[in-house]
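Worksheet for the structure shown next.
Please read these numbers as outputs of a predicted model, since none were measured by experiment. Both counts, for ligands and for their atoms, begin at 1 and track the order of listing.
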Amino acid sequence: MRHLLGIDELDADQIGEILERADYYSRALRDGKWDHNHLADKIIFHLFFEHSTRTLTSFEVAAKRLGARVVNWNPQTSSLSKGENFTDTIDTLCAMHPDGIVMRHADYGAPNFVAARSTCPVINGGDSWREHPTQALLDAMTMKEHFGKIEGLNVTIVGDIAHSRVAGSNMQLLCKMGAHVRVVAPPVLMPEELPFKEIEAHENLADGIKGADVVMTLRLQKERMDSALISSDAAYYNEFGLTLEILDKHAKGAMVMDPGPLVRGVQMEDSLAEDKSRSLILKQVANGIPTRMAVLDLVLGG
Ligand code: CP
């Protein structure tokens with residue numbers, strides 16, 4: 001792999017190869033046995049133009065577990081504040097010859113733009129509502145770990161489908177890997193088109209989660225809405241908030257997932273998020289490390 005810009009550019013075999021490598025690193029992390037200096041000669045630039053807890057930190061941990069050194073560039077303290085534009089900033093940083101770039105940006109396709117200008121590999125840590133490929137990969141790893149497979153799983157994604165890059169990448173990955181995908185959202189948060197015709201769209205939570213193996217909730221992406229599309233968080237929660245009662249009535253045995261950040265009292269009830277017998281949320285976070293080690297290895301370690 002030269003870059004990882006989106007799930008849209010991967011086929012099922014390539015996704016399978018990344019998941020196998022992630023599984024290798026997951027076992028290696030448990031046993032303490034892997035090449036700690038695999039990327040020892042590499043310097044990776046983290047260019048996060050949007051805030052992050054999970055993605056930024058787990059990319060840094062993954063890089064350090066493989067011996068790489070990381071430069072956490074900060075847009076707030078950069079010369080962008082003096083009027084330098086995005087392109088000149090990217091050209092300036094690329095002139096320092098990093099071995100790899102991991103980036104997040106609010107603009108659609110920004111990582112593809114940077115990949116076209118840079119001489120080093122670029123990994124997308126999330127752009128606009130388009131793609132968040134490593135999130136979908138770690139979600140897939142989590143499902144595979146729990147259920148032993150992805151093919152044939154019934155996965156329902158609930159929430160702001162229209163503005164979520166996690167939904168964008170997950171819908172593609174899950175369909176490519178043979179899962180049955182449903183999405184649930186109010187009409188204002190449902191995209192005009194879905195990426196695969198097999199994906200079922202629902203406006204009613206109970207209908208959409210019926211018989212699901214996995215229910216994945218998503219945050220309201222208010223920063224990407226032109227105006228307030230939902231009257232209040234409480235109104236959203238009343239109709240689409242996931243509770244143990246609803247889950248047990250319509251999808252008994254389903255596991256819940258959420259890429260985070262979890263906004264308490266909006267996506268799901270607190271006790272469900274914290275119920276280790278029903279929630280895979282912290283497993284998703286933990287699996288971010290071996291998944292990102294796998295991606296760094298495949299992109300930079302060749
Ligand atoms: N899931 C995710 O991308 O979380 P962060 O915004 O904290 O990185």
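In the hydrophobic clustering of this structure, L80 does not group with L56; members are Ile, Leu, Val, Met, Phe, Trp, Tyr whose side-chain heavy atoms approach within less than 4.5 Å, directly or through other members.
Contact residues for ligand 1 (protein heavy atom closer than 4.0 angstrom to any ligand atom): S52, T53, R54, T55, R104, H132, Q135, P259, G260.
Between Y108 and W129, the ring centre distance stays below 6.0 Å. Checked against a 6.0 Å centroid threshold, the rings of H105 and F86 count as neighbours.
In this structure, a donor-acceptor pair under 3.5 Å is present between the side chains of Q284 and D139.
What you find for P121 and R2 is that their closest heavy atoms are CB-O, 3.0 Å.
Figure legend: R104 and F48 shown without cation-pi pairing, the cationic atom not lying both under 6.0 angstrom from the six-membered ring centre and within 45 degrees of its axis.
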